[in-house]
Amino acid sequence: MEKLVELQIDGKEVNAPLGMNLIDAAELAGIHIPHLCYLKGMRGFGACRLCLVEVEGMKDPVIGCNTKVKEGMVVQTQTERVRDIRRFVLDLILAIHPLDCLTCTKAGVCNLQQYAYEYELKDTSFTRKKMGYPIDQLNPFIRRDPLYCILCGRCIRVCKEQGTKVLDFIGRGINAEIGTAYNKPLRESGCTFCGSCIDACPVNALPEADRWRKGREWEYIKTKSACLFCGSGCDILISTKDNSIQKINTGAEPGSAKKYICAYGRFGYDFIDSEKRIAAPLKRLNGELKETTWKDALNIVAAKLKEAGGNTGFMSVAGMLNEDALTLKRFAKNVVKTKHFDTTMSLYSDVRSLKDSHSSLITTSDLIVLVGLNPSQWNRILPALNASIRKRVHRGGKLIVINSDIDASETRIQEVATVSLEGDEIPILKGIAKALIEKGEKADIQLKSAVSDAEISKDIEMAAKLILEAKNPLIFTSPSLFEASANISLIKGKVIAVGLESNARGMAQIGLTTEGKTYKEMASDGMKALYVIGEVPLVKRPDTDFLVVQNSHLTELAEQADIVLPATTFYESDGTILDYLGRFKKVSKVIEPLGASKNHRDIFITLSKILKSPMKKPTEAEIEKALKGKPKITFRPFVRKTGFDISPKEFIEAINASVLKSRRLSWLLELKSSRAVAA
């Protein structure tokens, strides 16, 4: 439990955790201390000097972002002295900042505008200076305009902390600016275009490239949701206007550096308006897909499902909502009465690994152990996991990497590891378990016997020492190595298997896993009828008499289907997911469905009525019950599970093929290809 200290801020009694800075402590009492360079979650920087406050007993004002609370401290945040200093600082900033607030896209959420208003500054008393810096707008994601920059350093700090390290200060004094190495444009700098700098920037120096005249901030409806493009399941904030998505930001509170999203999650939303988007049901006539009505399409599907019966297969992505998954399971088992239903989760994980994973947070762990995983911001393989681990290490945590396949040029995560163990993960994990037991940690007889022949190298000894000293070690593992990794958690710590899709853990809990043929078997064996839901990594039509594809976009597989049913995107649906950390998250409908598209559960329910076995939508209570479960971790042999040897990069790109073909993200893929050729 955190130790609290009692202090007084502007006459209010405040109880704050020992070690907290004055800005955050004041927020606990509803008192805002002005600041431009500080980001919640990061160490104080002290660049802007707006957060100066007076502390009783101290001769000069101190900066609130770096000053820690102390017992009995008396703080004044609004004395005339500190207000005069803040007014002077703002006056200096305005001397080099455009005063075009009437047309600035950041108006309404600009921190500088807010403080200028509060301190009654309409202009600067100093001679205005125009630096004439060129604008970097040679990419479709981020516009970098140094003319607006106030040199707060926020963008630099978030970029460095997450490991991308693209931005830095250039020059000195009045000629200082923020730029890339050799001041190259972002497209030539190695930038991943995650947009963390956009969220960090308090002014209009780093807006989205297409933000101009897309509406003012106060016109937007802002909705919290989650991204479903990969296994990270990141929190996002979606801004909409006139039934159109205008921008997407990280789900962190303004002025916070606690969360991250990648370029897919931030900029991929324009795939909803792709030319490949399906707006009406399609049926095959004379070898071609033609538009038809929902009634006609569903009657055909219902008849074929009834005819096929138990020889019907259902294949789905695992990035679907819990509500859709539970409805699909009931439809397959109870209405169509088939045992053949499976998801793409079975390509990279078994059910037990995800169901038995613990729930935890990276921010509360002082040691992270990464087993058989290659998260990468550059390849966008679980990029948020990569960024979050780097942030935790930057803030004092430690990292152990255990991997038999480390590609330093692509993964880079071992750069920040305290210990990096390259080689077969199984003997390494056995060695760590044995070293922990020899250091006095308790373990059952089976576990002791299993590791008795393990070898302990110097690096394994160091890894065991780190685990022993840690208060809250957390193991992230590939599902194929879950049981071996879980044996370490039986000694100390928690363990989580990380799936490649946003709701893989939800699929495991709900039980949308086959009782008959697997995904792979249905894709190769002859099913009388095959029903495919979502953008599965399948291009060639399987051997089946009748193929239904239910998806938002006309994929290569859909083009070979007998019936294509238009489904909504996750921006057009309400529901929930269970992310890889075990957090229950809400996905919000932010725009109306395009054309005649419907969400998955409504399609299944309508079909159930046609088949004379009507279903109802799952209730919240039913979803919560389905997702409940406690990890059941017991000793299991130190072995690697087989059958999960897919390429994470290729898999994630395949299930997001329609997203990656969108206007902006296709540019990103072309850029990456050109960089690879140049290298």
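Positions are given from 1, in the same order as the sequence printed here. We use all heavy atoms of the structure for the numbers below, so side chains are in, but hydrogens, waters and symmetry mates are not.
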### Query
How about Ile400 and Leu367: do any of their side-chain heavy atoms sit closer than 4.5 Å?
yes
query = Quick one: does His394's side chain get under 4.5 Å of Arg43's, heavy atoms only?
reply = yes
| request: Answer yes or no: are there more than 12 heavy-atom neighbours, outside Tyr117 itself, under 6.0 Å from its atom OH? | output: no
- Query: Between Asn503 and Ile577, is there a donor-acceptor pair closer than 3.5 Å when you use the side chain of the first and the backbone of the second?
  - Reply: no
Derivation of the side-chain contact (heavy atoms from CB on, under 4.5 Å) call for Ile261 and Cys227: CA-CA 9 Å; Ile261 55 176; Cys227 175; 5.7 Å; no
Assess whether salt bridge (charged side-chain N to carboxylate O under 4.0 Å, His left out) is satisfied between Lys222 and Glu217, documenting all intermediate values.
CA-CA 9 Å; Lys222 299 187 178 184; Glu217 287 286 341; 2.7 Å; yes
**Request:** Specify whether Phe126 and Phe88 have parallel, tilted or perpendicular ring planes, treating 30° as the upper limit for parallel and 60° as the lower limit for perpendicular.
**Result:** perpendicular
Around atom CD of Glu13, are there more than 12 heavy atoms from other residues, nucleotides or ligands closer than 6.0 Å?
yes
| message | Under the criterion side chain to side chain donor-acceptor pair (under 3.5 Å), I'd like the reasoning laid out for Thr79 against Glu54: C-alpha separation, chi angles, the key distance, then a yes or no. | response | CA-CA 8 Å; Thr79 65; Glu54 291 199 275; 2.7 Å; yes
For Leu7 and Ala16, the nearest pair of non-hydrogen atoms, with its separation, is CD2-CB, 4.1 Å
Rounded to the nearest 0.5 Å, the CG atom of Leu321 sits from the OG1 atom of Thr576 at a distance of 7.0 Å
- Query: Do any N or O atoms from the side chain of Ser420 and from the backbone of Ala417 form a donor-acceptor pair under 3.5 angstrom?
  - Reply: no
**Request:** Verify side-chain contact (heavy atoms from CB on, under 4.5 Å) between Ile591 and Ile272, making sure each step is shown before the conclusion.
**Result:** CA-CA 10 Å; Ile591 55 175; Ile272 58 179; 3.5 Å; yes
- Around atom CD of Glu275, are there more than 12 heavy atoms of other residues, nucleotides or ligands at under 6.0 Å? no
How about Lys70: does its NZ atom have over 12 heavy atoms from other parts shown lying under 6.0 Å from it? no
* Asp24 and Tyr38 side chains, donor-acceptor separation under 3.5 Å -> yes
*asked:* Looking at Gly215, is its backbone amide N or carbonyl O close enough to the side chain of Tyr220 to form a donor-acceptor pair, meaning the two atoms are under 3.5 Å apart?
replied: yes
Checking Thr164, Thr192, Asn386 against Gln377 for side-chain hydrogen bond (donor to acceptor under 3.5 Å, both in side chains), the one that qualifies is Asn386
| query | Is a side-chain N or O of Arg128 found less than 3.5 angstrom from the main chain of His97, in a donor-acceptor match? | reply | yes
- Please walk me through it: do Asp366 and Lys398 pass side-chain contact (heavy atoms from CB on, under 4.5 Å)? CA-CA 6 Å; Asp366 53 349; Lys398 290 182 170 61; over 6 Å; no
Would you say the side chains of Thr569 and Ser552 form a donor-acceptor pair under 3.5 Å?
-> no
Exam field: side chain Arg266 to backbone Cys194, donor-acceptor pair closer than 3.5 Å
yes
Separation between CD1 (Ile248) and OG (Ser225), nearest 0.5 Å, reads 8.5 Å
Exactly one candidate in Arg144, Lys184, Arg187 meets salt bridge (Lys or Arg N to Asp or Glu O under 4.0 Å) with Asp136; the answer is Arg144
Residues passing the side chain to side chain contact (heavy atoms under 4.5 Å, CB included) test with Ala47, sequence neighbours excluded, are Cys37, Phe45
Just by modelled atom types, is the Trp378 backbone N or O under 3.5 Å from a matching donor or acceptor in the Ser376 side chain? yes
CD (Gln113) and CG (Leu94) are apart, to the nearest 0.5 Å, by 11.0 Å
For Tyr269, does the six-membered ring have the charged nitrogen or CZ of Arg664 within the cation-pi criterion, i.e. under 6.0 angstrom from the centroid and within 45° of the normal?
yes
The reported gap from OH in Tyr264 to OG in Ser232 (rounded to nearest 0.5 angstrom) is 12.0 Å
Margin query: Heavy-atom count check: over 12 atoms from other residues, nucleotides or ligands less than 6.0 Å from Ile221 CD1?
Written below: no
(Q) Would the distance check show the side chain of Arg395 and the main-chain N or O of Gly41 forming a donor-acceptor pair, the cut-off being under 3.5 Å? (A) yes
Here the pair of heavy atoms bringing Asp574 nearest to Ser588 is OD1-CA, 3.4 Å
**Request:** Take Asn243 and Glu592 through the side chain to side chain donor-acceptor pair (under 3.5 Å) test and state the conclusion after the steps.
**Result:** CA-CA 7 Å; Asn243 196 44; Glu592 292 301 315; over 6 Å; no
Here the pair of heavy atoms bringing Ile156 nearest to Asp168 is CD1-C, 3.5 Å
Pair Phe267 + Phe141: ring centers closer than 6.0 Å: yes
Practice prompt. Show your working on salt bridge (charged side-chain N to carboxylate O under 4.0 Å, His left out) between Asp242 and Lys214 and close with a plain yes or no.
Written response: CA-CA 11 Å; Asp242 300 330; Lys214 287 184 70 174; over 6 Å; no
All heavy atoms of Ile31 vs all of Lys12, minimum pair found to be CD1-CD, 4.0 Å
- Indicate yes or no for a side-chain donor-acceptor contact from Tyr115 to the backbone of His35 under 3.5 Å, with no hydrogens or angles considered. yes
Verdict with reasoning, Asp270 to Ser662, per side chain to side chain donor-acceptor pair (under 3.5 Å): CA-CA 6 Å; Asp270 58 1; Ser662 64; 3.1 Å; yes
- Going by atom types only, do Gln162 and Ser196 share a side-chain donor-acceptor pair under 3.5 Å? yes
Notebook entry, point to check: Can any side-chain N or O of Asp91 pair as donor or acceptor with the backbone N or O of Ser125 at less than 3.5 Å?
Noted result: yes
- Donor-acceptor side-chain pairing of Asn183 and Tyr133 below 3.5 angstrom: no
Per salt bridge (Lys or Arg N to Asp or Glu O under 4.0 Å), Asp235 is matched among Lys258, Lys259, Lys224 by Lys259
Residues Ile150 and Pro202: closest non-hydrogen pair is CD1-CG, 3.9 Å
Kindly determine whether Arg81 and Asp84 satisfy salt bridge (charged side-chain N to carboxylate O under 4.0 Å, His left out), including the steps that lead there.
CA-CA 5 Å; Arg81 186 183 184 188; Asp84 284 344; over 6 Å; no
Looking only at heavy atoms, the pair that brings Ala25 and Ile9 closest together is C-CD1, 4.0 Å
### Check: Phe193 ring centroid to Trp667 ring centroid under 6.0 Å
yes
| said: Within the supplied structure, the quantity of interest is the number of heavy atoms (other residues, nucleotides, ligands) at a distance under 6.0 Å from Lys129 NZ; does it exceed 12? | reply: yes
So the ring-ring contact (aromatic ring centres under 6.0 Å, His included) pairs with at least one residue in residues 6-26 (sequence neighbours excluded) are none
Checklist line | Heavy-atom donor-acceptor pair, Arg211 side chain to Thr105 backbone, under 3.5 Å | finding: yes
Set out, in order, the CA-CA distance, both residues' side-chain angles and the distance that settles side chain to side chain donor-acceptor pair (under 3.5 Å) for Tyr119 and Arg86, then state yes or no. CA-CA 8 Å; Tyr119 286 85; Arg86 289 176 192 156; 3.0 Å; yes
